[in-house]
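Below is one structure, written out as C-alpha cells; the observations come after it.
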Amino acid sequence: MELTKKLSDAFNAQIQAEMWSSNLYLSMAVHFMDQGLDGCAHWMKKQAAEELEHAHKLIDYAVQRGGKVQVSAIDAVPTEWASPLAVFEHVYKHEKHVSELIDKLMDLAVAEGDKATQDFLWWFVREQVEEEDSAKKIVDKFNIFGVHGLVCIDKELGKR
Ligand code: FEO
C-alpha cells in the first residue's frame with residue numbers, strides 16, 4: 001500500500017516544518033555565538049542537526065512508501081530575541097507546536113487506515129515528549145537561577 005495523496009501532502013508539510021525548525025535553531029545558535037554564549041550556541045547547533053535528521057527520517061519513509069516528496073523553499077526564521085530566557089521559552093513553545101503537528105499527522109494516518117505510518121509516527125510522538133521536556137528543563141533552570149546563573153547554564157549546555 002502506497003501513501004495516500006493526503007498523507008503524502010501532509011508528510012511534505014511536516015518535512016518543511018522540521019527544516020524550518022532546523023533553521024530556527026541555527027538562527028538561535030548564531031544569536032548565541034554573537035553574544036559569546038558558546039555553550040548555548042553548541043546546544044542549538046546540536047538541536048538544529050537533530051531537526052534535519054527528523055526531516056531526513058520523514059523523507060526516507062515517504063519515498064519508501066511511494067509518496068511524492070517535494071523539497072521546497074523554507075520561510076525566513078526569527079533572528080532576534082530579548083534575552084537568553086526568551087530564546088529557550090521560544091524553543092519550548094515551538095516544540096509544543098511541533099507535538100501538535102505530529103499528533104495531527106498521526107490522526108490523519110488513523111483516518112486513512114495506514115497502520116504502517118501510524119507505527120512509523122510513534123517514534124516521533126515519543127521524541128516530542130523528550131523535546132518538550134529538555135526545553136522546559138532549561139526554561140526552569142533560567143527561572144530558578146536567573147541571569148546570575150547564566151554562566152553555569154551556558155557551561156552545562158556546552159556538554160550536550
Ligand atoms: Fe523535530 Fe524538535 O521536533
Side-chain angles (χ1 to χ4, degrees), residues 3 6-33 37-65 67-112 114 116-143 153-154 156-160:
L3 281 185
K6 272 188 191 173
L7 267 173
S8 184
D9 290 348
F11 262 72
N12 278 324
Q14 190 61 35
I15 289 160
Q16 278 243 318
E18 301 290 348
M19 292 178 80
W20 191 89
S21 300
S22 182
N23 281 1
L24 174 68
Y25 296 139
L26 195 55
S27 180
M28 288 172 171
V30 170
H31 174 77
F32 280 132
M33 282 193 282
L37 292 168
D38 293 338
C40 292
H42 172 78
W43 192 95
M44 286 299 171
K45 281 185 189 170
K46 287 248 174 177
Q47 189 70 14
E50 267 195 12
E51 299 302 346
L52 219 44
E53 278 176 26
H54 294 170
H56 281 258
K57 209 173 169 79
L58 291 160
I59 289 167
D60 289 349
Y61 177 79
V63 170
Q64 187 185 25
R65 292 291 310 283
K68 297 274 174 284
V69 172
Q70 279 185 317
V71 179
S72 311
I74 310 296
D75 290 340
V77 293
T79 55
E80 300 285 342
W81 292 268
S83 66
L85 171 60
V87 179
F88 282 100
E89 282 176 335
H90 190 171
V91 175
Y92 182 40
K93 187 175 162 211
H94 182 63
E95 287 304 332
K96 285 194 282 187
H97 168 66
V98 174
S99 297
E100 286 173 12
L101 295 180
I102 295 292
D103 283 352
K104 280 184 187 153
L105 197 49
M106 178 69 92
D107 288 345
L108 182 61
V110 171
E112 297 289 286
D114 188 331
T117 298
Q118 291 167 45
D119 179 58
F120 169 78
L121 288 174
W122 279 117
W123 182 90
F124 282 86
V125 172
R126 287 191 294 274
E127 176 73 0
Q128 281 313 118
V129 173
E130 279 181 34
E131 296 272 74
E132 284 187 35
D133 181 56
S134 61
K136 185 175 184 301
K137 278 182 176 148
I138 298 169
V139 169
D140 288 347
K141 279 196 179 91
F142 271 104
N143 284 325
I153 295 171
D154 187 56
E156 193 186 321
L157 296 185
K159 293 177 190 161
R160 180 179 185 183

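Note that ligands are numbered from 1 as they come in the structure, with each ligand's atoms numbered from 1 the same way.
Using a distance-only test at 3.5 Å, with no hydrogens or angles considered, no donor-acceptor pair links the side chain of D114 to the main chain of A109. For the pair H42 (side chain) and R160 (backbone), a donor-acceptor distance under 3.5 Å is present.
By the 6.0 Å and 45° rule, K96 stacks over the aromatic ring of Y92.
Summary: OE2 is the N/O/S atom of E131 found nearest to atom 2 (Fe) of ligand 1. For H54, the N, O or S atom with the smallest separation from atom 1 (Fe) of ligand 1 is ND1.
A 6.0 Å sphere centred on CH2 of W122 holds no more than 12 heavy atoms belonging to other residues, nucleotides or ligands.
Geometry about atom 1 (Fe) of ligand 1 gives an angle of 80° between OE1 of E51 and OE1 of E18, rounded in steps of 10 degrees.
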